[in-house]
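Here the structure is laid out as structure tokens; the discussion comes afterwards.
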Amino acid sequence: MTEVIRVAVAGPFTDALDYRLPVTGPAPVIGARVRVPLGRRNIVGMVTSRPEASDLADDRLRAVTEVLDSAPLLDPATIELIEWAARYYHHPVGEAYLTALPARLRRGQSATPSVETGWRITESGEAAQIDSRSRRAPRQAMLLEALQQSKTLTAVQLAGFSGDARAALKRLVEQGLAETVTAPDYGLLQGLSNEPGAVLNAEQQSSAAAIQPGAGHQAILVDGVTGSGKTEVYLDAIERTLALGRQTLVVVPEIGLTPQLVSRFQQRLAGRIAILHSGLADGERLNAWLAARAGEADVVIGTRSAVFAPLKHPGLIVIDEEHDPSLKQQEGFRYSARDLAVLRGYRLDIPVVLGSATPSLESLANATTGRYQCYPLRQRAGDARPPSLQLLDMRGEPTRDGLSQPLLDRVRGHLDAGGQALLFLNRRGFAPTLICHECGWLAECDRCDARYTYHRGRRRLHCHHCDRERPIPHHCPSCGSVDLRALGLGTERIEAALTDAFPDTPPVRIDRDSTRRRGSFEQAMRQARDGETRLILGTQMLAKGHHLPAVTLVAIIDADQGLFGADFRAPERLAQQIVQVAGRAGRADRPGEVVIQTHHPEHPLLQQLLHGGYSAFARTALAEREAAGLPPARAMALIRAEATARDAPNAFLQAAMQQTPGDAAIERLGPYPAPMERRAGRHRAQLMLLADSRNSLQTFLSRWLPGLSRIPEARQVRWSVDVDPVEAL
DNA sequence: AGCACGCCGACT
DNA sequence: GTCGGCGTGCTC
């Protein structure tokens, strides 16, 4: 009987592949990486199990060529999480493992952290006389003295000495007075703990007290309005977790992981902090990951994929801004870091804290059923009053570049009163459309069912869906007229209009275009925070997390685009955006004012928000989802298909629909064209599945999906599954 | 996903 | 006569 190991490798394999043990040397352990032959390649894989036997005939098994790790890289709990995620999201298991590993480990590089060289004094160094060498070798004398005092020197300390200290130390080492020592350097931030925790108010206290590190699993939703001090509650719980000698994993949206957040954690906590995000160099990322795994990091702050980071002593998981769509991966392995974090906390029997000022309807539903404990934080720090919301009825109102006179008057008023105004428009560029005034021709992308956005600064037309760019035509290609006009609003246009209207108060624009340069986002936010700029304008980049205490007026320039979105989540997104942006105002002693320009002031969503705030909106929205049989009331999955050939996606999905198991409890919709039917030259269609429970949906998918790749039409399309989609588009 | 094989068009 | 286009199929 051949001894078999199962190895997860990258590729379209639902399950891991079977291999024989390496010809020589010890057998690899579960959780270790190996190099295995696949076709004519030799690739890195992860040992996932040690089955009794293989389903495959002996002569089809190939042998592991190299064992890359002598000890497991991943512990059993992390392996189980990855395996569970691959099954739940119906994604090839090898890719799930790859997602969990830093790039260097994916490539088979060694799982060792950077090393720092230091120097230590020897016994003879202790005894050596300093005076005797101070004339001939003053630098050596100086270093010897330093070593006699502090016993060790690090490379960082060495940089503080003048001249070639390294060469002098080398001489000391040669004389046997010092020796080099190496230590792993995980690149961690040392918590300074030089800021006492803020005194918690009653609400914060009760939510913090509910979090009980060390007392088993619990899921706690901290539903805290902006400025209510959610972070203080996290920090309090993290401190107590630290005191138990356990680690905390903090998962944040990509944009939420800012230097300010990190520095706040560092100032406040005593432990060592590892940062895990996509902007890190491969080496830094590996170091941070290894530090989490080794238990060297007490707190691990990371974006989505950090949910898979192995932890030696897990004690607490925090998910900040749990409503944020970026916590769900939008391509390939479409996992939800939030949902996996909750599962992970359950499996590890540790608390999970979810925080948001605008909780997802999913989490609110879980709070209603009692799966999550819910702690509202309604009180704002320093007794700042909540901002007052007002609608500006735009019907019949003359506008100049989208800004109504009442809005301009408000802005003027706040500026005159020494306040700051923040204007929000979730559309970058100058205008979303370029139109010929003579014949009505529209500048349309030839690869997408979309119009080009006119970017005046870059002097280009840019398709935001496929990234295609082209120069601005001088005349209409249809009728030859030179009267081409920008139609609609973008941030660039608002910027120009503001510059005109308030020539003494130049605005700062914050969107993806204006912050392309590294550090420019931070710089713009700093300018805004310091009051250097008093007119701030931008897209949803503004809505995320940054404190702008001097802002007294927030204006939503166009609420209408979100009111009638195709996606059933569009209202939820709009409400979250409005509330998040509104949260920037009225944080200090001055009460904030929020105005929303709309042509639909009677719209129930806006009325709900106005009179009952986000929680009233959410209650209504939840009831509507319930009535419509949509998530979170029911479980959803999408099958997407795309191809360059117009009819291929539909043909495939049609065939897939035919093969659907006869389960009456599963509602099947489609195939129907995706809302933007053609994108980047590909035609897109989809199927929607709805079930009363995640379980029955899973059973259905598990029976159905494996057969789909055998459908002949499948070869003409790229298709994928999205379980719990956040964009049902 | 990668990497073969395989069967048809424009080149030394 | 070959070089190479991308359709088709397989990898434990």
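Chain letters run A, B, ... following the sequence lines, proteins first and then strands; every chain starts at 1. Remember, it's a predicted structure, so these values are computed and weren't measured experimentally.
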Please state how far atom [atom1] in [X] lies from atom [atom2] in [N], giving the value in whole angstrom units.
X	N	atom1	atom2	answer
A:L38	C:dC10	CG	P	14 Å
A:R718	B:dA1	CZ	P	8 Å
A:L17	C:dC12	CG	P	8 Å
A:R715	C:dG9	CZ	C1'	9 Å
A:L21	C:dC12	CG	P	16 Å
A:R107	B:dG2	CZ	C1'	18 Å
A:M46	C:dC12	CE	P	19 Å
A:Q716	C:dC6	CD	P	16 Å

Nearest-neighbour nucleotide for the [X] side chain, [options] considered:
X	options	result
A:F13	C:dT11, B:dA4, C:dC12	C:dT11
A:R41	C:dT8, C:dC12, B:dC3	B:dC3
A:P12	C:dT11, C:dC12, B:dG2	C:dT11
A:L56	C:dC12, B:dG2, C:dT11	C:dC12

Closer to the 5' end of DNA chain B via nearest nucleotide, is it A:R40 or A:A10?
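Checking each residue's closest nucleotide, the 5'-ward one belongs to A:A10.
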What nucleic acid atoms does A:P92 come within less than 4.0 Å of, heavy atoms only: base, sugar-phosphate, or nothing?
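Since no nucleic acid heavy atom lies under 4.0 Å of A:P92, the category is nothing.
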With A:V64, the side-chain contact (heavy atoms from CB on, under 4.5 Å) member among A:I5, A:V47, A:V23
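That would be A:I5.
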Nearest heavy-atom pair of A:P113 and A:D185: which atoms, and what distance?
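For A:P113 and A:D185, the tightest heavy-atom pair comes out as CB-O, 4.4 Å.
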For the residue pair A:Q247 and A:L311, what are the closest heavy atoms and their distance?
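It is OE1-C, 3.5 Å.
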Angle class for the A:F333/A:Y89 ring planes (parallel below 30°, perpendicular above 60°, tilted otherwise)?
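Taking A:Y89 first and then A:F333, their aromatic rings stand perpendicular (interplane angle over 60°).
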Taking side chain to side chain donor-acceptor pair (under 3.5 Å) as the criterion, tell me which of A:H323, A:E572, A:E322 meets it with A:S360.
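Testing A:S360 for a side chain to side chain donor-acceptor pair (under 3.5 Å) against A:H323, A:E572, A:E322 leaves exactly one candidate, A:E322.
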